[in-house]
Amino acid sequence: MLKHALIVSIVLAGVADRLEAITIDTVPVGNAGNGNDSQSFFLYGGVAYGYRIGTTEVTNAQYVDFLNAKAASDPFALYNANMGSNARGGITQSGVSGSFVYAAKTDMGNKPVNFVSWYDSIRFANWLNNGQGTGSTETGAYTIFGNTATPSNGLSITRNAGATWFLTSENEWYKAAYHQPVAQGGDAGDYWLYPTRSNSDPTAATANSSGDISNPATNVANYLDIADWNSQNGNVTTVGSAGPLSESFYGTSDQGGNVAEWNEALVAGSSRVVRGGSWDDTWYEMQAVPGGYAAPTGENARIGFRVATVPEPSSFVLAALGLVGLVVWRRKKRHNSG
């Protein structure tokens with residue numbers, strides 16, 4: 001009886017893990033082998049391969065599931081208390097260490113997570129890479145050395161071969177934001193100045209009482225502290241709510257404004273690059289120019305992240321395997337039937 005109950009518990013736990021799995025919507029970034037942005041002195045944007053990138057920034061709701069899976073005692077400080085106490089944060093923590101429970105605040109589940117460090121973002125990527133649930137945060141896309149929240153030798157952390165979910169490189173982020181070939185309707189030089197398919201300063205977003213952008217249109221972004229709601233002078237807004245006319249060529253939302261986004265690039269000795277600007281920034285931070293940077297331990301209301309993927313195996317391979325399986329099944333069925 002005990003053995004039977006244990007098996008049932010394991011099965012139920014597995015079902016629960018599957019039911020709680022989060023989905024990251026992605027869009028393909030094609031035109032593999034494109035050149036760098038020749039209009040930029042620093043020559044970013046060339047990527048030799050196809051990949052997929054998150055349609056939006058990682059949201060509070062998605063990060064809540066991560067916390068509930070991996071931060072019952074939170075040894076790696078994945079949760080920042082400002083997420084709960086700050087009006088621009090979107091996540092509460094309840095309970096005691098060992099049984100912490102996390103939830104998104106009212107109207108904040110579909111807002112980008114903030115108050116996250118670079119280490120938090122790569123741990124989230126590792127968790128995705130390892131299948132979510134009980135998957136490790138310490139290995140996978142990145143090998144995080146040591147056993148502390150902020151490893152002292154973090155300069156050594158780079159993307160591992162075979163990673164399937166990861167932060168973007170500088171070039172991957174830049175291409176998804178600004179690239180559009182002239183032959184496919186893009187600007188001269190194949191790159192736009194802003195990640196809204198425009199060379200003109202975006203219209204600053206306004207917000208309704210629940211934090212949705214209330215003036216969605218062509219070339220709109222959440223910046224300049226204009227999206228006032230929740231009694232805040234400028235705030236994060238619902239991801240993607242600027243609408244499809246403000247997306248990049250590849251279909252990403254909010255690569256300009258809302259929250260600035262960590263990527264993998266190491267600069268200024270020990271800092272990591274943040275790109276795209278935030279609700280609190282000016283037009284300049286959204287432009288196709290060198291990104292800003294911050295200490296990888298930094299956490300504030302203006303920085304979040306998005307993830308990217310190179311699915312393995314590819315959907316084409318999966319489809320092919322499915323066809324092979326179907327043929328084998330049919331052959332077996334014919335054989336078994338006579």
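Since we're looking at a predicted model, the values are computed, not measured.
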Novice: Does a donor on one side chain sit under 3.5 Å from an acceptor on the other, for S214 and T206?
Specialist: yes

Novice: At their closest point, which heavy atom of I303 faces which heavy atom of V116, and how far apart are they?
Specialist: O-CG2, 3.8 Å

Novice: We want to know whether T137 and N126 form a side-chain donor-acceptor pair, criterion being a heavy-atom distance below 3.5 angstrom.
Specialist: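 No, no side-chain donor-acceptor contact under 3.5 Å.
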
Novice: Can you see whether N31 engages Q184 through a side-chain donor-acceptor pair at a distance of less than 3.5 angstrom?
Specialist: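 Note: N31 and Q184 side chains meet the donor-acceptor criterion.
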
Novice: Within the side chain of N215, is there an N or O that forms a donor-acceptor pair under 3.5 Å with the backbone of A204?
Specialist: yes

Novice: Indicate whether the side chain of T252 and that of S248 have a donor and an acceptor atom separated by less than 3.5 Å.
Specialist: yes

Novice: If I take atom OH from residue Y250 and atom CZ from residue R52, how far apart are they, to the nearest 0.5 angstrom?
Specialist: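 CZ of R52 is found 13.0 Å from OH of Y250.
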
Novice: Restricting to pairs with a member in residues 271-293, which pass salt bridge (Lys or Arg N to Asp or Glu O under 4.0 Å), not counting sequence neighbours?
Specialist: E170-R275

Novice: Working to the nearest 0.5 Å, report the span between CG of N235 and CH2 of W279.
Specialist: 7.0 Å

Novice: May I ask you to check whether over 12 heavy atoms, not counting those of Y293, lie within 6.0 Å of atom OH?
Specialist: no

Novice: Examine the side chains of S97 and D74 and answer whether a donor and an acceptor come within less than 3.5 Å of each other.
Specialist: no

Novice: So, for A104 and G109, which heavy atoms are closest and what is the spacing to 0.1 Å?
Specialist: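 Minimum heavy-atom separation between A104 and G109: CB-CA, 3.8 Å.
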
Novice: Give a yes-or-no answer on whether the side chains of Y119 and E299 include a donor-acceptor pair shorter than 3.5 Å.
Specialist: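 Result is no, nothing qualifies.
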
Novice: Which heavy atom in S246 sits nearest to a heavy atom in N219, and how many Å separate them?
Specialist: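 Result for this residue pair: OG-N, 3.2 Å.
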
Novice: How would you list all residue pairs meeting ring pair (Phe, Tyr, Trp, His ring centres under 6.0 Å) that involve residues 186-235, not counting sequence neighbours?
Specialist: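 Sorted result for residues 186-235: Y174-Y191, H179-Y191.
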
Novice: Would you confirm whether N258, through its side chain, and V239, through its main-chain N or O, come within 3.5 Å as a donor-acceptor pair?
Specialist: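 Not confirmed, N258 side chain does not pair with V239 backbone.
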
Novice: If we ignore angles and hydrogens, is there a donor and acceptor under 3.5 Å between the side chains of N233 and D225?
Specialist: no

Novice: Would you check if there is a donor-acceptor pair between the side chains of K111 and T238 at a distance under 3.5 Å?
Specialist: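 There is such a pair between these side chains.
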
Novice: Taking all non-hydrogen atoms of both residues, which atom of G30 and which atom of K175 are closest, and how far apart?
Specialist: O-NZ, 2.7 Å

Novice: Partners of V182 by side chain to side chain contact (heavy atoms under 4.5 Å, CB included), sequence neighbours excluded?
Specialist: D190

